[in-house]
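No experiment lies behind these values; they were computed from the predicted model shown. Below, read A as the first sequence line, B as the second, and so on, with proteins coming before strands; counting in each chain starts at 1.
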Amino acid sequence: MLYNHTLNDISTNTNTGVEFEIALFYKLLSNKPAEQHQVKLAIDRRHDRKKVEEIINYTSTEKIIRALNARGLTYKDASFETQNDEVGPADVVMITVDKTGKEEKIGLSIKYSNTCTLNVTGRKFITDAQISALKDKYARKYVPAYREYMKKEYGDAENWHRKKSPVTDQMIDEIRDAVLANWPNVENKVALMQNLFHAASPIEFWVVNYGRGGYDLKTVPSTIDVRRAKDVEVRKYQTSYIAFYLDNVRVGHMQVKFNNGFIESNFNHKGLRKKQSCDFVEDGLEFNYGQPFGSWNFSVED
DNA sequence: ACACGTGTCATTGCGCAATG
DNA sequence: CATTGCGCAATGACACGTGT
């Protein structure tokens with residue numbers, strides 16, 4: 001089925017990974033040729049239509065249909081739900097029919113070679129006071145250290161893009177210390193865990209994980225008994241992660257990260273200015289401070 | 001006083017690509 | 001070639017200035 005906005009979304013949305021959602025949605029509409037044709041025309045208006053067509057060519061819905069049948073459900077229709085939180089983590093919602101003729105919705109969370117299941121703000125883990133102190137230290141200590149390191153290692157600022165620095169690791173490590181210190185004080189752990197594990201999705205969802213040449217289907221997403229949230233422990237894990245443990249078993253991990261890099265260029269990659277003001281200029285390039293607390297990446301362990 | 005545009009921050013969504 | 005640190009896009013809330 002198509003909502004009023006569906007075709008427009010398909011033509012214009014450029015969120016990362018949307019190509020895969022569009023391709024699978026297109027294939028699912030095979031039993032609605034008229035709608036599928038409209039979707040095709042919408043895809044043709046995309047700048048990356050070639051890529052979408054490529055994905056369509058190697059995508060078969062067979063695996064999904066079979067899994068539905070094994071569950072006693074018959075596929076009937078699908079809707080395109082990108083960026084719609086109302087349906088939980090699903091990007092596409094399938095309308096199915098059970099043996100008694102009753103409709104049941106099952107969502108598909110569609111991903112391409114990444115394990116992040118949710119982005120969460122660091123503010124759920126540390127206090128405002130901790131954030132203020134860290135922000136202060138960021139501007140006074142870490143940014144100067146970063147500029148010095150990058151200059152020495154990579155030269156002009158135009159060469160800094162996507163390059164790594166130990167300064168970033170140090171700042172992230174300090175944020176992780178703050179998370180560990182504050183963990184006993186975090187109040188709403190059940191709600192937090194429910195959120196992290198999508199344990200209260202309004203619609204059951206399956207995970208479609210694309211790799212090269214196809215996808216894996218997971219009809220039983222990994223989760224924990226969120227009622228035991230107060231027993232969850234946190235520890236540092238690798239360079240930038242916080243790992244979550246229940247009964248000493250790692251059940252998930254979360255990357256503490258800057259949303260758009262340690263520092264942000266004041267121009268997006270299309271060359272558009274992002275802000276009026278900038279925090280500093282390096283080699284004639286405008287930069288703004290980064291966002292260390294937004295968009296941490298949470299992944300469920302398999 | 002209030003509507004309206006502009007600018008910024010915060011939140012959430014997602015994959016890419018440097019690195020070893 | 002897998003990891004894992006780095007980065008891009010959309011959107012809602014809110015503050016603030018300007019015009020009516």
Mark yes or no for a side-chain to base donor-acceptor pair under 3.5 Å between N259(A) and dT12(B), with no hydrogen or angle criteria applied. yes
side-chain hydrogen bond (donor to acceptor under 3.5 Å, both in side chains) partners for N185(A), two or more places apart: N182(A)
Taken to the nearest whole Å, CD/Q170(A) to P/dG5(C) is 14 Å
Whole angstroms only, please: what is the CE-P distance between M171(A) and dG5(C)? 16 Å
Applying salt bridge (charged side-chain N to carboxylate O under 4.0 Å, His left out), which residue pairs with at least one partner in residues 248-266 of chain A are found, sequence neighbours left out? R250(A)-E301(A), E264(A)-K274(A)
Would you mind writing out the side-chain donor-acceptor pairs for residues 241-249 of chain A within the sub-3.5 Å range, not counting sequence neighbours?
residue	atom	partner	partner atom	Å
D247(A)	OD1	R228(A)	NH2	3.0
D247(A)	OD2	R228(A)	NH1	2.9
N248(A)	OD1	R235(A)	NH2	2.5

Considering only residues two or more places apart or on different chains, which pairs with a residue in residues 9-18 of chain A satisfy salt bridge (charged side-chain N to carboxylate O under 4.0 Å, His left out)? none
Tell me the ring pair (Phe, Tyr, Trp, His ring centres under 6.0 Å) pairs involving residues 1-58 of chain A, sequence neighbours left out? F20(A)-Y112(A), F20(A)-Y210(A), F25(A)-F80(A)
Are the side chains of T127(A) and I131(A) in touch, meaning some heavy atoms are under 4.5 Å apart? no
Could you list, one pair per line, each protein nitrogen or oxygen that sits under 3.5 Å from a nitrogen or oxygen of nucleotides 4-8 of chain B, together with the distance?
residue	atom	partner	partner atom	Å
dT8(B)	OP1	Q276(A)	N	3.4
dT8(B)	OP2	Q276(A)	N	2.8

Closest contact, heavy atoms only, D283(A) versus A157(A): OD2-N, 2.7 Å
It should be established whether Q238(A) places a side-chain nitrogen or oxygen under 4.0 Å from OP1 or OP2 of nucleotide dT4(C). yes
At under 4.0 Å between heavy atoms, what does T82(A) touch on the DNA or RNA strands: base, sugar-phosphate, or nothing? nothing
Does dG5(C) have OP1 or OP2 sitting under 4.0 Å from an N or O in the side chain of T239(A)? yes
Just how far, in rounded Å, is P of dC16(B) from CG of D48(A)? 11 Å
Between F20(A) and V120(A), which residue's closest nucleotide on DNA chain B lies nearer the 5′ terminus? V120(A)
Any carboxylate oxygen within less than 4.0 angstrom of a Lys/Arg side-chain nitrogen, looking at E187(A) and K230(A)? no
Got a list of protein N/O to nucleotides 18-20 of chain B N/O distances below 3.5 Å?
none

Residues sharing V93(A)'s hydrophobic cluster, by side-chain heavy-atom contacts under 4.5 Å among ILVMFWY, directly or via others? V87(A), I203(A)
Rounded to whole angstroms, how far apart are CZ on F267(A) and P on dC8(C)? 14 Å
Output all residues satisfying salt bridge (Lys or Arg N to Asp or Glu O under 4.0 Å) with K137(A), sequence neighbours left out; order by chain, then residue number. E174(A)
Kindly state which residues belonging to residues 278-285 of chain A come within less than 4.0 angstrom of DNA chain C, counting heavy atoms of the residue only, listed by number. none
Answer yes or no: side-chain N or O of S295(A) and base N or O of dG13(B) forming a donor-acceptor pair under 3.5 Å. yes
P144(A) versus A139(A), closest heavy-atom pair with distance: CD-O, 3.3 Å
What nucleic acid atoms does E264(A) come within less than 4.0 Å of, heavy atoms only: base, sugar-phosphate, or nothing? nothing
Expected list for residues 213-221 of chain A: side-chain donor-acceptor pairs under 3.5 angstrom, two or more places apart:
residue	atom	partner	partner atom	Å
Y215(A)	OH	S60(A)	O	2.6
K218(A)	NZ	S222(A)	OG	3.0
K218(A)	NZ	D302(A)	OD1	3.0

Considering non-hydrogen atoms only, spot the tightest contact between Q238(A) and R176(A) and give its length. O-NH1, 3.0 Å
R123(A) has an atom CZ; how far is it from atom C1' of dT12(B), in whole Å? 14 Å
Selected nucleotide, minimal atom distance to Y241(A) side chain, candidates dC16(B), dT4(C), dC8(C): dT4(C)
Closest to the side chain of Y112(A), out of dT11(B), dC16(B), dC14(B), is dC16(B)
What parts of residues 6-16 of chain A reach DNA chain C, counting only heavy atoms under 4.0 Å away? T14(A), N15(A), T16(A)
Closest to side chain of L118(A), choosing from dG13(B), dT12(B), dG5(C): dG13(B)
For F262(A) and for T115(A), locate the closest nucleotide of DNA chain C by heavy-atom distance; then report the residue assigned to the nucleotide nearer the 5' terminus. T115(A)
Could you state the CE-P distance from M254(A) to dT4(C), rounded to the nearest angstrom? 16 Å
Protein-nucleotide distance (N297(A), atom CG; dG5(C), atom P), rounded to Å: 11 Å
Locate the shortest heavy-atom distance separating V226(A) from V190(A); write the atom from each residue and the value. O-CG2, 3.8 Å
Between N84(A) (CG) and dT11(C) (P), how many Å, whole number? 12 Å
Side-chain donor-acceptor contact under 3.5 Å, N31(A) with K76(A): no
